[in-house]
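These notes concern the structure reproduced below.
First the proteins, then the strands, lettered A, B, ... as listed; each starts at 1.
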Amino acid sequence: MTSTTIAWLRNDLRLTDNPALSAAMRAGTRVIALYVHETAHGVRPPGAAARWWLHHSLQTLERDLAALGVELTVRTGEPGGIIADLVRDNTVAAVFWNRRYAPGEVLVDAAIKTWLINQGLATQSFGANVLIEPWDIATGQGQPYSVFTPFWKSLKQRAIALPLQQPSARLPRQPQPVDTDYREPCWAAKLGGHWYFGEVAAQRTLADFLDHRVTNYPQGRDFPDSDASSGLSPHLRFGEISPRQIWHTATMAAQMAPEKAAAIDKFLSELAWRDFSYHQLYHRGDIATEPMQPKYGNMAWREADDEFAAWTSGMTGLPIIDAGMRELWETGSMHNRVRILVASLLTKNLLIDWRRGEQWFWDCLVDSDRASNPASWQWVAGSGLDAAPYFRIFNPVTQGSRFDAAGGYVRRWVPELAALPDQWLHNPWEAPQQALAAAGVRLGVTYPAPIVDLKASRVRALEAAAALQRNDLAPKRASRIGIAPAGGGAESSA
DNA sequence: TACTAATTGCC
DNA sequence: GCAATTAGT
């Protein structure tokens, strides 16, 4: 009589440092590695670009698992029902998984765990996808952290769990076709030129970054026309590499090469931002739908569908904004600083609800992460607990001149402006007519005039924040949560 | 006078 | 982080 163990994989598509998979390999004579395209209520389905990455990552994982003698089973539906079916059809003795932290996900997993226990099956969940479990780190008052810096200081004092080795192989199996209902979208070929998938590619990316590029990271990371960023985010998103692996590999590299230690510390602080986002996701409810500062529920967001459409399509008339939005559409990614710039423009200059921008990123980014994406949007929008201050409104011209002074980034993604001299590249509407003509630029024809006046919209954003504050200080007659009180800031269309 | 650098207010 | 203001050359 053989017993079967299920390792239910989610955002942990790797063999090394995968406690659920390792436990399953130890426990069962037969192991089913299960991936479910979930339709359960409360589980946010991946966006289109992430779904594309996921498909290829699963194919890679399937080959890697086959070398271990483990088959990958991919299903679509409610995970509880799918696991119940597998339990019924196989002699399943145990089900293991690595934890996830969104409130809806926690509920789904808890319900399945209860069912398994009632069936008399063994089940266990493991920490594997954050540096430290959200309940294992707290302020001196025992509260969840709301400010990053003390979180980071505290995290650095902690012993981060060591990554696990890859489990040893069983009898090899022939790979079976997987995920057969997947149809490659029409834009996939375009994205495909930019990426490698899977655990091996992730490890190679990390090694290359630590060997050759990390020293330039602290200074270079702000310049979009450079390759200073690590390139690890989509690998992390799907758990092709774990944050603990990155932590320990980088820490080791810092010990071997002390001259890199400061740069590696900066890199690891950015990795800690990811953990901080998960900390917020676990403790603060669904940060993708609810502002962490409740007063932002009363913000007078504008509808402005035409302006939102211009933003999504990279046709705002603001070159570095359009460059970023086009990079996103073409590659499924966007340089970090430019993410901040386009988010600031949307939520402050255009006063459009950060959730709409978050959803666009969710659909378009291959690395759109359940915690980092909404937490970062709330950070820029000002509704986060440790957010950028309301008055930090980025000027795309100033920022472009500072961080893309030579214009390489804008010229690559906005080629219709390529012939403009640096002086006018970030503000073509201020260029003299003959400069535009010489560059073959006709504003409103070959490239849009700006859809928003930066100066006036900045004042409008400050006024909207002031209205929020007045509303917040006013007597709380409107205890109707989620309903903007009449006469508050909600109708001020400034 | 013309420019830059430093300072400060901004719910 | 921006922009208006002030101080400095």
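- Contact annotation: A:R458 does not reach the phosphate of C:dA4 (side-chain N/O to OP1 or OP2, under 4.0 Å).
- Side chain of A:F391, nearest nucleotide from B:dC11, C:dC2, C:dG1: C:dG1.
- In the set C:dC2, C:dA4, B:dC11, C:dA4 carries the atom at the smallest distance from any side-chain atom of A:K455.
- Residue A:Y390 is in base contact, counting any heavy-atom pair closer than 4.0 Å across all strands shown.
- Salt-bridge annotation for A:R356 and A:D305: present, with a side-chain N of the basic residue lying under 4.0 Å from a carboxylate O of the acidic one.
- Atoms CG (A:N349) and C1' (C:dC2) sit 11 Å apart, rounded to a whole Å.
- Within the 4.0 Å cut-off from OP1 or OP2 of C:dG1, not a single side-chain nitrogen or oxygen of A:N395 is found.
- A:A465 comes within contact range of at least one nucleobase, with a heavy-atom separation under 4.0 Å.
- Relative to the side chain of A:Q399, the nucleotides B:dC11, B:dC10, C:dC2 differ in distance, and C:dC2 lies closest.
- Looking at A:I246, A:N129, A:L206, A:D367 one by one, the single match for side-chain contact (heavy atoms from CB on, under 4.5 Å) with A:L236 turns out to be A:I246.
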Quiz prompt | Base-pairing string, 5' to 3', of DNA chain C - Watson-Crick or wobble, under 3.5 Å, | interstrand | solution = |||||||||

Practice problem: Give the C-alpha distance, both sets of side-chain angles, the deciding distance and a yes or no for side-chain contact (heavy atoms from CB on, under 4.5 Å) between A:L345 and A:L341. | Solution: CA-CA 6 Å; A:L345 186 91; A:L341 299 184; over 6 Å; no

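- Here the P atom of nucleotide C:dC2 and the CZ atom of A:F394 are 7 Å apart, to the nearest Å.
- Nucleic acid contact class of A:K295 (heavy atoms, under 4.0 Å, all strands): base.
- Counting only heavy atoms from C-beta on, A:R337 has its side chain closest to C:dG1 among C:dC2, C:dG1, B:dC11.
- The interatomic distance linking A:R470 (CZ) with B:dC10 (P) rounds to 14 Å, in whole Å.
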Practice problem: Tell me, with the steps shown, if A:V130 and A:H279 meet side-chain contact (heavy atoms from CB on, under 4.5 Å). | Solution: CA-CA 9 Å; A:V130 287; A:H279 193 72; over 6 Å; no

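- Atom pair A:L341:CG and C:dG1:P shows a separation of 10 Å (rounding to whole Å applied).
- With a 6.0 Å cutoff to the six-membered ring centre and a 45° limit on the axis angle, A:R237 does not count as a cation-pi contact of A:W53.
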Exercise. Under the side-chain contact (heavy atoms from CB on, under 4.5 Å) rule, what do A:L13 and A:Y35 come out as? Steps first, then yes or no, please.
Key: CA-CA 9 Å; A:L13 306 182; A:Y35 188 89; 4.0 Å; yes

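- When side chains are defined from C-beta on, A:R213 counts as touching A:D208, because their heavy atoms get closer than 4.5 Å.
- One can place CG of A:L351 at 14 Å from P of B:dC11, the figure rounded to the nearest angstrom.
- Remark: side-chain polar atoms of A:H335 are not paired, donor with acceptor, to backbone N or O of A:S229 under 3.5 angstrom.
- A:L462 has its CG atom 15 Å from the P atom of C:dG1, to the nearest Å.
- In the set B:dC11, C:dC2, C:dG1, the nucleotide with an atom closest to the side chain of A:T398 is C:dC2.
- Atom-to-atom, CZ of A:R392 to P of B:dC10 comes out at 18 Å; the value is rounded to the nearest Å.
- In this structure, CD of A:E463 is placed 19 Å from P of C:dC2, rounded to the nearest angstrom.
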